[in-house]
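Here the structure comes first, spelled out in structure tokens, and everything after it is commentary.
Computed from a predicted model, the values in this text were never measured in an experiment. Below, each value reflects all heavy atoms present in this structure, side chains not excepted, and no hydrogens, waters or symmetry copies.
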Amino acid sequence: MVKPLRKAVLPVAGLGTRFLPATKQMPKEMLPVVDKPLIQYAVEEARAAGIEQFCFVTGRGKTMLVEQFDIAYELERTLAERNKAKELAMLQAQAMPPGAIVSTRQQVPLGLGHAIWCARHFIQDDPFAILLPDDLMLCDVSCMKQLADAYAATGGNVVAIEEVPREHVSRYGVIAPGATTGNLVEITGLVEKPPVEKAPSNLTVIGRYVLMPEVIGHLSRMEKGAGGEIQLTDSMAKLIGAQPFHGVLYEGRRFDCGDKAGYLEAQVAFALARDDMAPAMRGILKKYA
């Protein structure tokens, strides 16, 4: 039997230096796209895949991320008194059940692999998802739901992958592809930020993963990789051959909201995808075309 996927880890300890001064006091994951913060998009995507338990790997000054999903008693009372039923229902829908969110600290910035290792007591012996909120997904079917379905079918590690121009592969983790069935690609190798001439393909891993708990044993060795950091990709690669490992060519669009241009594009795309905002956004675009 394949264990159900119920846990997700969200690494959110970064400083957001590319968005200073906006992120001097506010976590970058709280930056809104239209009217919803990045962290909420990620959590809702995971919940659409059946995930029920969340661990935020945070840093100093990031309590706001957990509070986003808490009950705001004063605000809800005020909305009720003013008969703002729609707004009240929206807040109540996003509140998480008691105990659904925990947080742990990554005291030093040693890389994504280290951040995941910090959540080891939450993960225990269960399969778990990883969502990087900087990668904002616009999909008809939740990107994490697509991965969860692939995990249920294969019983092993699954990552979201996409094609990028060959000259950009050095920015990403790159897979060595094996057999392909539909949108499911067997992964025979993984390398983090390879030089263009050494990249095994132009298929790259984005910020959505479903991993088996055995990856924690490899991460615990604290081996440094590209950039002198503890790379998650390096430990994932060590699972290949011992466990099923596949990439999913997901259906949808990704916006890199860790980049200013990507963040601005996301504002446009998500506004155009909403019936209540699309006419206004089209009008704005005409003014600046």
Salt bridge present between Lys238 and Asp234 (N-O < 4.0 angstrom): no

Heavy-atom pair with the smallest gap, counting every atom of Leu131 and Ala42: CD2-O, 3.5 Å

Contact check, side chains of Pro133 and Val12, non-hydrogen atoms, under 4.5 Å: yes

Gap between atom OG of Ser103 and atom CD of Gln106 - 0.5 Å precision: 13.0 Å

Residue pair Leu5 / Ala148: nearest heavy atoms and the distance that separates them: CD2-CB, 4.0 Å

Residue pair Leu136 / Ala266: nearest heavy atoms and the distance that separates them: CD2-CB, 4.0 Å

Derivation and outcome, side-chain contact (heavy atoms from CB on, under 4.5 Å), residues Ile123 and Ile116: CA-CA 9 Å; Ile123 295 165; Ile116 301 307; 4.3 Å; yes

Distance in Å, Glu214 CD paired with Leu239 CG, rounded so as to fall on 0.5 Å steps: 7.0 Å

Full working for side-chain contact (heavy atoms from CB on, under 4.5 Å) between Leu232 and Leu219: CA-CA 7 Å; Leu232 178 61; Leu219 289 171; 4.2 Å; yes

Side chains of Gln53 and Val102 in contact at under 4.5 Å (non-hydrogen atoms): no

Verify same cluster id: Ile216, Ile230 (apolar side-chain graph, 4.5 Å): yes

Side chain proximity check, Cys55 to Lys7, heavy atoms < 4.5 angstrom: no

same_hphob_cluster(Ile51, Tyr151) at 4.5 Å side-chain heavy-atom cutoff: yes

Heavy-atom check, side chain of Leu10 versus side chain of Val57, under 4.5 Å: no

Flag side-chain contact, heavy atom, 4.5 Å: Met236 against Asn157: no

Heavy-atom closest pair, residues Val2 and Ala152: CG2-O, 4.1 Å

Candidate pair Glu45 and Lys145, rule salt bridge (Lys or Arg N to Asp or Glu O under 4.0 Å), full reasoning: CA-CA 8 Å; Glu45 177 188 332; Lys145 177 68 165 61; over 6 Å; no

Residue pair Arg60, Arg105: steps toward the side-chain contact (heavy atoms from CB on, under 4.5 Å) verdict: CA-CA 8 Å; Arg60 293 183 63 194; Arg105 286 290 184 95; 3.5 Å; yes

Minimum heavy-atom distance between Leu31 and Ala22, given as atom pair plus value: CD2-CB, 4.4 Å

Short side-chain to backbone donor-acceptor contact, Arg120 and Trp117, under 3.5 Å: yes

Residue pairs, two or more places apart or on separate chains, that pass ring pair (Phe, Tyr, Trp, His ring centres under 6.0 Å) and touch residues 31-86: Tyr41-Phe270

Test item: Leu91 and Ile71 side chains (from C-beta on) under 4.5 Å apart, heavy atoms: no

Atom pair CD1/NZ of Ile39 and Lys36 - distance to nearest 0.5 Å: 13.0 Å

Side-chain donor or acceptor of Thr23 paired with backbone N/O of Gly16 under 3.5 Å: yes

Gap separating the SG atom of Cys257 from the CG atom of Asp135, nearest 0.5 angstrom: 8.5 Å

Asp276 atom CG, neighbour heavy-atom count above 12 within 6.0 Å: yes

Side chains of Glu229 and His114, donor plus acceptor under 3.5 Å: no

Over 12 foreign heavy atoms within 6.0 Å of CD, Glu197: yes

Identified side chain to side chain donor-acceptor pair (under 3.5 Å) counterpart of Gln94 within the set Gln40, Arg47, Glu44: Gln40

Taking every non-hydrogen atom, the tightest pair across Ile240 and Thr188: CG2-O, 3.7 Å

ILVMFWY network linking Phe128 to Tyr209, side-chain heavy atoms under 4.5 angstrom: yes

Any Pro11 side-chain heavy atom under 4.5 Å of Leu112 side chain: yes

Polar side-chain atom of Glu186 near backbone of His246 as donor-acceptor pair, under 3.5 Å: no

Hydrophobic cluster identity match, Leu184 and Val174, side-chain contacts under 4.5 Å: no

Flag, side chain of Thr204 to backbone of Glu162, donor-acceptor distance under 3.5 Å: yes

From CA spacing to verdict: salt bridge (Lys or Arg N to Asp or Glu O under 4.0 Å), Lys260, Glu265: CA-CA 9 Å; Lys260 291 178 184 176; Glu265 184 182 0; over 6 Å; no

Worked check of salt bridge (Lys or Arg N to Asp or Glu O under 4.0 Å) between Asp256 and Arg171: CA-CA 12 Å; Asp256 180 4; Arg171 306 175 187 176; over 6 Å; no

pair Met137-Tyr250: side-chain heavy atoms closer than 4.5 Å: yes

Asp126/Lys3 ion pair, N-O < 4.0 Å: yes

Test side-chain contact (heavy atoms from CB on, under 4.5 Å) applied to Val33 and Leu38, Leu138, Val268, Leu264, the passing residue: Leu38

Ring centers of Phe19, Tyr263 separated by less than 6.0 Å: yes

Polar side-chain atom of Gln243 near backbone of Gly155 as donor-acceptor pair, under 3.5 Å: no

Hydrophobic cluster identity match, Val169 and Leu203, side-chain contacts under 4.5 Å: no

Derivation and outcome, side-chain contact (heavy atoms from CB on, under 4.5 Å), residues Val159 and Arg208: CA-CA 6 Å; Val159 295; Arg208 297 294 185 274; over 6 Å; no

Spacing of OG1 belonging to Thr58 relative to CD belonging to Gln107, to within rounding of 0.5 Å: 9.0 Å

Test item: side-chain donor near acceptor, Gln146 and Glu251, under 3.5 Å: no

Spacing of Ile175 atom CD1 and Leu190 atom CG [to the nearest 0.5 Å]: 7.0 Å

Charged N-O contact under 4.0 Å between Glu29 and Lys62: yes

